[in-house]
Amino acid sequence: MSARFPLVAIYADESCLGNGKEGDNPGGAGVLAEWRHADGRISRRDLWISARATTNNQMALRSVIEAFDGLGAKNGRFSVQFTTDSRYIVDGLTSWVFGWARNGWKRKTGPIENLALWHDAIGAVDGHEVSWQWVKGHAGHPQNEYAND
């Protein structure tokens, strides 16, 4: 990634107990943000979010929203490499949203699940330069494992 703005690496991992089952299914997301200062120091920040009744996919979208809202808190623009083990996020934000937007935010197969969260994620990312990277979960990627813990 050739960065136009200060580079930030974000690693996220999300989960939900009882995903897709009836009842309150608690979920959470862990996010690690890393960046290098001009003097070479590396700073790291952790972010953790939770919900009492959610899904894996909702937590994945919330990880994007909350991470980018945090970055944009001071109106900064960043070049971000966002790494996650969620294909939902990587495929959604590199491909699906463009087709949905062209089709008036509709799908042939029915309504778009989590549509409000998709809109929030797109809004949060706006203005930043983003590269989306998928990694296999629980496969030893150090920052992904850290976010999982």
Side-chain angles (χ1 to χ4, degrees), residues 1-21 25-36 42-51 53-149:
M1 171 189 240
S2 175
R4 294 185 302 161
F5 307 117
L7 182 61
V8 176
I10 296 178
Y11 306 91
D13 191 76
E14 313 82 16
S15 70
C16 173
L17 300 175
N19 188 50
K21 295 182 182 171
N25 299 308
V31 176
L32 169 65
E34 297 180 328
W35 65 95
R36 185 179 307 273
I42 295 176
S43 287
R44 293 179 177 90
R45 296 291 182 271
D46 294 344
L47 170 67
W48 183 78
I49 51 180
S50 65
T54 191
T55 66
N56 287 347
N57 290 341
Q58 289 169 355
M59 293 312 301
L61 285 162
R62 293 238 359 250
S63 74
V64 171
I65 295 162
E66 299 293 334
F68 280 91
D69 281 353
L71 286 178
K74 295 187 179 185
N75 296 320
R77 290 186 171 190
F78 297 92
S79 293
V80 178
Q81 180 168 335
F82 194 102
T83 302
T84 178
D85 59 9
S86 170
R87 292 267 15 144
Y88 187 71
I89 290 301
V90 174
D91 293 346
L93 288 165
T94 60
S95 176
W96 303 343
V97 296
F98 302 106
W100 295 338
R102 276 192 310 273
N103 294 325
W105 293 98
K106 296 178 183 166
R107 294 186 322 176
K108 292 178 185 175
T109 59
I112 299 166
E113 292 179 14
N114 305 311
L115 182 57
L117 289 172
W118 281 111
H119 283 296
D120 290 348
I122 292 165
V125 168
D126 188 41
H128 299 284
E129 180 180 73
V130 186
S131 169
W132 303 96
Q133 180 179 347
W134 178 82
V135 294
K136 182 175 174 59
H138 311 288
H141 184 283
Q143 289 93 339
N144 180 255
E145 295 292 342
Y146 181 89
N148 178 71
D149 290 341

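All heavy atoms count here, side chains included; hydrogens, waters and symmetry mates do not.
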Taking every heavy atom of Phe5 against every heavy atom of Ser79, the minimum-distance pair comes out as N-OG, 3.2 Å

Output all residues satisfying side-chain contact (heavy atoms from CB on, under 4.5 Å) with Leu17, sequence neighbours left out; order by chain, then residue number. Pro26

Looking only at atom types and distance, does a side-chain atom of Asn56 sit under 3.5 Å from a main-chain N or O of Cys16, one as donor and one as acceptor? yes

Non-hydrogen atoms of Leu71 and Phe78 that approach each other most closely: O-CE1, 3.3 Å

Any residue meeting salt bridge (Lys or Arg N to Asp or Glu O under 4.0 Å) with Glu113, in chain and number order, not counting sequence neighbours: none

Residues at least two apart in sequence or cross-chain that pass side-chain hydrogen bond (donor to acceptor under 3.5 Å, both in side chains) with Arg77, listed by chain then number, are none

Who are the side-chain hydrogen bond (donor to acceptor under 3.5 Å, both in side chains) partners of Trp118, not counting sequence neighbours? Tyr88

Name all pairs fulfilling the salt bridge (Lys or Arg N to Asp or Glu O under 4.0 Å) condition that reach into residues 86-99, sequence neighbours left out, sorted by first residue then second. Arg87-Asp91

With sequence neighbours left out, what residues match Arg36 under side-chain contact (heavy atoms from CB on, under 4.5 Å)? Ile42

Check whether any side-chain heavy atom of Val125 lies under 4.5 Å from a side-chain heavy atom of Phe82, and answer yes or no. no

Separation between CH2 (Trp132) and OG1 (Thr83), nearest 0.5 Å, reads 10.0 Å

Do any side-chain atoms of residues 93-104 form donor-acceptor pairs under 3.5 angstrom with protein atoms, and if so which ones, sequence neighbours left out?
residue	atom	partner	partner atom	Å
Thr94	OG1	Val90	O	2.6
Asn103	ND2	Gly99	O	3.1

Once salt bridge (Lys or Arg N to Asp or Glu O under 4.0 Å) is applied, do any residues pair with Arg107, and if so which ones, sequence neighbours excluded? none

Going by ring-ring contact (aromatic ring centres under 6.0 Å, His included), name the residues that satisfy it together with Trp48, two or more places apart in sequence or in a different chain. none

For the atom pair CD1 (Ile89) and CG (Asn57), what is the distance rounded to the nearest 0.5 Å? 7.5 Å

Show which side-chain atoms of residues 58-67 pair as donor or acceptor with protein atoms under 3.5 Å away, not counting sequence neighbours.
residue	atom	partner	partner atom	Å
Gln58	OE1	Thr54	OG1	3.0
Gln58	OE1	Thr55	N	3.3
Gln58	NE2	Asn114	OD1	3.1
Ser63	OG	Glu14	OE2	2.9
Ser63	OG	Ala60	O	2.6

